[in-house]
Amino acid sequence: MKKIKYLFVFLLSFLFILPNVSAEEKKQVNLYLFHSNTCSHCKAEIQFLNELNTRYDNLNLILYEINDSKENKNLMIDIKEKLKIDDPTTPFTVIGDYYYIGFNDGVKEGIEKLVDEYSTNESYDVIADILNGKDVSHFKIKYGQIDKISTIFGEIDPAKISLPVLSIILGTIDGFNPCAMWVLIFLITMLFNMENKKRKWALGITFLTASAVVYLLFMFVWLELAKELLTTITWLKILIGIIALVGAFINIKSFIKSVKEKDSGCEVVDSSKRKKIINKIKKFTSEKSFLLAMIGVIALAFSVNAIELACSAGLPVLFTNVLAINNVSFFETCIYIFIYIFFFLIDDLIVFFVAMFTLNIKAISTKYTKYSHLIGGIIMLLIGILMIFKPEWLMFNF
Amino acid sequence: MKILKFNAIWCSGCLVMKPIINEIKKLYPDIQFIDYDYDIDEEMVNKWEVGTLIPVMIFVDENDKEITRLRGEKTKKEIIDTIEGIINEKN
């Protein structure tokens with residue numbers, strides 16, 4: 001009986017010690033956040049960190065606002081240089097061996113996991129070493145692990161899905177837009193009249209390549225603009241969201257009109273502009289000088305696709321904005337834009353190659369183009385609303 | 001009866017209709033099909049008030065009077081039903 005008593009008292013004492021031990025074991029966790037007072041993601045992250053701090057009193061938040069303080073901005077630049085992080089944007093979070101740029105549900109879950117882990121395990125504070133002037137070149141900081149994130153497409157793993165899928169969807173829908181298809185069909189018809197097969201192929205491929213280049217230039221320029229402005233001017237995101245909603249309205253309205261009208265066919269718009277383009281095509285497809293013909297085709301591609309961009313600018317603008325919000329690296333940007341443009345041109349490529357091989361133009365029925373207005377309109381509506389109310393939901397990839 | 005067809009080289013809807021029309025020509029060898037290009041035959045486009053949606057098929061009688069018309073892409077059945085309707089009306 002005595003032994004049981006002693007055992008009982010021994011176990012009881014554990015209960016008193018344990019909390020103290022766990023309180024002592026809770027190590028201090030330093031979390032550094034570089035933020036800008038104009039950046040909506042930063043505000044969302046600060047709100048989350050304050051809430052996290054109520055649950056983890058050992059969490060030590062060290063915040064640097066970089067918009068008003070030049071000193072803080074230079075410090076961030078210096079730290080990113082030393083840690084070889086080439087992304088200039090905020091919020092920029094460093095905790096232990098990891099860093100995050102941007103903020104959303106996935107980052108939120110990642111930070112909480114790290115705080116929890118470092119509350120009990122040792123962590124290296126690279127920022128403290130940098131502030132003390134120590135050499136940190138030996139240290140390789142890692143991008144924070146993101147498990148699952150919730151986006152408008154539901155709970156998904158960012159590693160597998162996201163921007164590539166969006167590139168394909170938006171590129172395909174944008175490509176279905178009939179604005180420039182008529183030019184390609186007319187060009188192919190004119191190419192059929194040419195005897196010289198090599199020239200035929202050269203002019204056709206040049207037209208398609210130049211079309212891709214126009215889109216590429218536009219999207220890169222817009223992306224740099226969006227990256228620069230979106231992260232600093234909040235109302236610009238709202239403005240783009242509104243433009244997207246207007247684009248959505250136009251697209252959905254033209255779908256409803258085409259459904260009401262029952263007849264679907266080729267809408268003949270702007271005769272004078274059309275005639276100008278038709279005459280240009282006739283001119284350089286009958287041009288003796290191959291060089292002049294090539295220049296003519298390139299000029300045509302640039303002018304036609306500039307019109308096409310205006311006709312469907314909503315989708316490329318939205319797509320590049322989503323890239324800007326996701327802070328993707330330059331290399332990733334090139335990949336996503338190439339995917340977008342490939343799927344944008346895919347219907348043109350099919351029509352061109354089938355026509356050149358069969359000498360018979362197979363076109364896509366206009367009955368389908370009205371659905372591209374509907375789908376494009378719905379996607380623009382969704383992205384427009386998210387741009388205004390929940391931009392962080394558009395963050396897919398890291 | 002004659003059928004006036006208004007197309008354009010660049011119109012994908014017109015291209016989609018081409019094989020359908022060829023089949024119908026075989027079915028009705030005695031109907032005359034006359035093709036007009038929207039960009040080249042402007043006079044006829046204005047005369048028959050073709051509008052801004054093509055392809056357009058206008059069915060006319062021996063006195064060149066319009067009987068009916070079909071606007072936009074149509075299925076083979078829709079065209080045949082229209083022709084049969086006109087033929088039955090005449091008889």
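Protein chains get the first letters and strands the later ones, always in sequence-line order, with residue 1 at the start of each.
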More than 12 heavy atoms of other residues, nucleotides or ligands under 6.0 Å from [atom1] of [X]: yes or no?
| X | atom1 | value |
| --- | --- | --- |
| A:Phe249 | CZ | no |
| B:Lys25 | NZ | yes |
| B:Lys18 | NZ | no |
| A:Phe290 | CZ | yes |
| A:Lys257 | NZ | no |

Measuring from atom [atom1] of [X] to atom [atom2] of [Y], what distance do you get when rounded to the nearest 0.5 angstrom?
| X | Y | atom1 | atom2 | value |
| --- | --- | --- | --- | --- |
| A:Ile277 | B:Trp10 | CD1 | CH2 | 11.0 Å |
| A:Ile185 | B:Leu15 | CD1 | CG | 5.0 Å |
| A:Phe192 | B:Ile9 | CZ | CD1 | 11.5 Å |

If we define contacts as heavy-atom pairs under 4.5 Å, which of [options] has the most with chain A?
| options | result |
| --- | --- |
| B:Ala8, B:Pro19, B:Cys11 | B:Cys11 |
| B:Ser12, B:Pro55, B:Gly13 | B:Ser12 |
| B:Thr52, B:Asp39, B:Val16, B:Val56 | B:Thr52 |

Practice problem: Answer yes or no for B:Cys14 and A:Cys266: SG-SG distance under 2.5 Å. | Solution: no
